Amino acid sequence: RVKDVLQAKVPVIVASKNAEDITRSRRLAIVTCGPGEIQLRREQGKSASITHHFLHGSSNSNSATVTDGKLKIDVRFHQANGDPLEWIDVQIS
């Protein structure tokens, strides 16, 4: 663990989808054990496209802004039809 890189009230796994660390990578994958807000410290990037992938192949996309060096992601843990979240894809620009 690295202090002040990730804040969440539920267990979360964040992985870089390339060789850069999670504070610099423009491509992240997130798996969480529940709903709520995730805050990630960012050393680069100004905005993010966030796609929630649910069981049975459905997905929802939204965007977020990096503010004061932090990216805040609001996790929706279930689709409206009850399908659970599998993972979150984050593309940062």
Side-chain angles (χ1 to χ4, degrees):
R1 293 185 182 221
V2 180
K3 187 177 180 178
D4 297 326
V5 170
L6 170 67
Q7 295 177 0
K9 292 189 178 188
V10 297
V12 175
I13 297 170
V14 179
S16 171
K17 293 175 76 176
N18 57 31
E20 294 182 297
D21 66 54
I22 64 172
T23 63
R24 299 186 57 79
S25 177
R26 295 190 181 276
R27 301 176 59 221
L28 301 173
I30 299 174
V31 176
T32 179
C33 293
E37 184 179 83
I38 298 170
Q39 291 187 33
L40 292 166
R41 187 179 77 209
R42 297 296 307 159
E43 293 179 11
Q44 62 186 29
K46 295 182 180 178
S47 63
S49 172
I50 301 163
T51 304
H52 290 71
H53 294 273
F54 297 91
L55 187 66
H56 301 116
S58 63
S59 63
N60 287 334
S61 295
N62 63 338
S63 60
T65 303
V66 176
T67 305
D68 297 327
K70 290 185 179 179
L71 173 63
K72 295 180 182 180
I73 300 171
D74 184 32
V75 176
R76 294 171 295 211
F77 200 62
H78 288 92
Q79 185 76 296
N81 67 4
D83 285 348
L85 178 68
E86 290 186 322
W87 70 289
I88 303 168
D89 182 38
V90 182
Q91 303 289 323
I92 300 165
S93 55

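Just so we're clear, the structure is a prediction, and the values are computed from it rather than from any experiment. Just so it is clear, the values below take in all heavy atoms, side chains as well, and ignore hydrogens, waters and symmetry mates.
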Out of curiosity, [X] [atom1] to [Y] [atom2], how far, rounded to the nearest 0.5 Å?
{"X": "K72", "Y": "I38", "atom1": "NZ", "atom2": "CD1", "answer": "13.5 Å"}
{"X": "I50", "Y": "I30", "atom1": "CD1", "atom2": "CD1", "answer": "7.5 Å"}
{"X": "I13", "Y": "I22", "atom1": "CD1", "atom2": "CD1", "answer": "11.5 Å"}

Legend entry - Linked, directly or transitively: I73 and V31 (ILVMFWY side chains, under 4.5 Å): no

[X] and [Y]: which non-hydrogen atoms are nearest, and at how many Å?
{"X": "S25", "Y": "N18", "value": "OG-OD1, 3.1 Å"}
{"X": "H53", "Y": "L85", "value": "O-CD1, 3.4 Å"}
{"X": "A8", "Y": "V12", "value": "CB-CG2, 3.6 Å"}

Legend entry - Heavy-atom check, side chain of V10 versus side chain of V75, under 4.5 Å: no

Legend entry - Heavy-atom side-chain contact between Q44 and E20 under 4.5 Å: yes

Just distance, no hydrogens or angles: give the donor-acceptor pairs under 3.5 Å from side chains in residues 86-93, sequence neighbours left out.
{"from": "D89", "atom 1": "OD1", "to": "K17", "atom 2": "NZ", "distance (Å)": "3.1"}
{"from": "D89", "atom 1": "OD1", "to": "Q91", "atom 2": "NE2", "distance (Å)": "3.2"}
{"from": "D89", "atom 1": "OD2", "to": "Q91", "atom 2": "NE2", "distance (Å)": "3.3"}
{"from": "S93", "atom 1": "OG", "to": "S47", "atom 2": "OG", "distance (Å)": "3.2"}

For residues 55-71, which side-chain donor-acceptor pairs fall under 3.5 Å, sequence neighbours excluded?
{"from": "H56", "atom 1": "ND1", "to": "D83", "atom 2": "OD1", "distance (Å)": "3.2"}
{"from": "H56", "atom 1": "ND1", "to": "D83", "atom 2": "OD2", "distance (Å)": "3.4"}
{"from": "S58", "atom 1": "OG", "to": "Q79", "atom 2": "NE2", "distance (Å)": "3.1"}
{"from": "N60", "atom 1": "ND2", "to": "Q79", "atom 2": "OE1", "distance (Å)": "2.8"}
{"from": "S61", "atom 1": "OG", "to": "T51", "atom 2": "OG1", "distance (Å)": "3.0"}

Inset, instruction - Just do the side chain to side chain contact (heavy atoms under 4.5 Å, CB included) check on L28 and L40 with the steps written out, would you? - result: CA-CA 11 Å; L28 301 173; L40 292 166; 3.8 Å; yes

